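This report concerns only the one structure given below.
So that the names make sense, note that chain A is the first sequence line, chain B the second, and so on, each numbered from 1. All of these numbers come straight from a predicted model, not from anything done at the bench. Hydrogens, waters and symmetry mates are skipped; everything else that's a heavy atom, side chains included, is used.
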Amino acid sequence: MRAADRAFFSRPVLEVAPELLGALISVGGVTVRLTEVEAYAGTRDPGSHAFRGPTPRTAVMFGPAGYLYVYFSYGMHWCANLVCGPDGEAGAVLMRAGEVVHGEDRARERRDAGRARPVPVRDLARGPARLTASLGLTGALDGVDLLRTDGPVRVEVPEQPARDVATGPRVGVSGPGGDGTTYPWRFWLPGEPTVSPYRAAVARRRATRA
DNA sequence: CTGCCGATCGCCT
DNA sequence: GGCGATCGGCAGC
């Protein structure tokens with residue numbers, strides 16, 4: 001693992017997204033290892049929040065890479081993206097799912113709250129809103145710099161990108177490209193039990209590296 | 001495992 | 001007025 005730097009995030013989002021698989025995201029003593037992400041390519045991508053140009057909500061996406069974009073979903077959940085791409089691209093990678101590898105107790109305080117039974121360990125961060133809940137990410141952290149070593153969010157990426165990466169349609173994206181044939185920009189680690197269950201796509205494997 | 005449904009709100013038409 | 005980059009509970013196989 002190595003600390004991500006600005007250059008890592010500043011490459012085209014479709015290049016960065018699969019390389020974030022296996023990355024470690026740490027917030028407040030909880031660490032999640034990413035197993036599933038989705039790429040959103042900015043103003044040229046009908047599925048992206050940035051498609052219709054900047055709004056107060058999406059302002060962070062239009063800034064430099066290496067910042068956190070957090071948005072409020074369905075009136076009750078938070079979802080978090082890592083802003084990626086060269087200046088002006090408004091690209092972002094949605095963190096869809098991961099494995100809690102550190103701080104399970106603290107993640108459980110938030111995930112088990114109000115529930116009769118503990119959440120199965122693999123479900124702690126299995127889904128974009130579950131992942132933010134486990135990490136304690138909310139709109140309060142929208143726009144934070146991911147590269148400040150004294151900041152609230154730390155990102156470490158693998159020295160070597162994952163060799164085996166599956167791709168498929170993005171989840172919950174409809175309209176042009178919604179069938180995934182035009183924008184098969186969901187990336188996950190095949191065989192990982194923490195990959196999110198909703199509308200699971202048929203896996204199509206591809207080698208990212210020889 | 002799958003499918004249906006309600007919760008709840010910001011942004012769109 | 002409608003629809004999400006969602007989730008949890010419940011029913012049914």
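Residues A:R126 and A:V195 are not in side-chain contact: their nearest non-hydrogen atoms beyond the backbone lie 4.5 Å or more apart. You'll find the side chain of A:L21 reaches within 4.5 Å of the side chain of A:V165, heavy atoms only. Using a 4.5 Å heavy-atom threshold, the side chains of A:E38 and A:F187 count as separate. No side-chain heavy atom of A:D142 sits less than 4.5 Å from a side-chain heavy atom of A:Y67.
Ranking B:dC12, C:dT6, C:dA5 by closeness to the A:H49 side chain, first place goes to C:dA5. Taking the side chain of A:R52 as heavy atoms from C-beta on, and the options C:dA5, B:dC1, B:dC12, the nearest nucleotide is B:dC12.
Per the geometry, CG belonging to A:D112 stands 13 Å off C1' belonging to C:dG8, to the nearest Å. What separates CZ of A:F51 from P of C:dC3 is a distance of 19 Å, to the nearest Å. Regarding A:R170, its CZ atom lies at a distance of 14 Å from the C1' atom of C:dG4, rounded to whole Å. Atom P of nucleotide B:dG10 and atom OH of A:Y69 are separated by 13 Å, given to the nearest angstrom. As rounded to whole Å, 12 Å separates atom P of C:dG4 from atom OH of A:Y40. If you take CG of A:D123 and C1' of C:dG9, they are 14 Å apart, rounded to a whole angstrom. The nearest whole Å value for the distance from the CH2 atom in A:W78 to the C1' atom in C:dC7 is 16 Å. Atom CG in A:N81 sits about 11 Å away from atom P in C:dT6, given to the nearest Å.
A search for salt bridge (charged side-chain N to carboxylate O under 4.0 Å, His left out) contacts involving A:E99 returns A:R33, not counting sequence neighbours.
Helical stems in DNA chain C, defined as runs of 3 or more consecutive Watson-Crick or G-U wobble pairs with both donor-acceptor distances under 3.5 Å, are listed by first residue as B:1-7 with C:6-12, B:9-12 with C:1-4.
On the P atoms, B:dT13 is 14 Å away from C:dA5, given to the nearest whole Å.
Using a 4.0 Å cut-off, no side-chain N or O of A:R126 falls inside it from OP1 or OP2 of C:dC7. Distances shorter than 4.0 Å separate none of the side-chain N or O atoms of A:R186 from OP1 or OP2 on C:dA5.
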- request: For nucleotides 3-8 of chain B, just jot down a letter per nucleotide in 5' to 3' order: B, S or -, based on protein non-hydrogen atoms under 4.0 Å.
  value: ----BB
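In this structure, A:R96 contributes its side chain and A:S196 its backbone to no donor-acceptor pair below 3.5 Å. A distance-only check finds a donor-acceptor pair linking the side chain of A:R11 to the backbone of A:F8 [under 3.5 Å]. Judged purely by atom type and a 3.5 angstrom limit, A:T132 uses its side chain to pair as donor or acceptor with the backbone of A:W78.
Checking A:V144, A:D145, A:L68 one by one against A:P152, the side-chain contact (heavy atoms from CB on, under 4.5 Å) holds for a single residue, A:V144.
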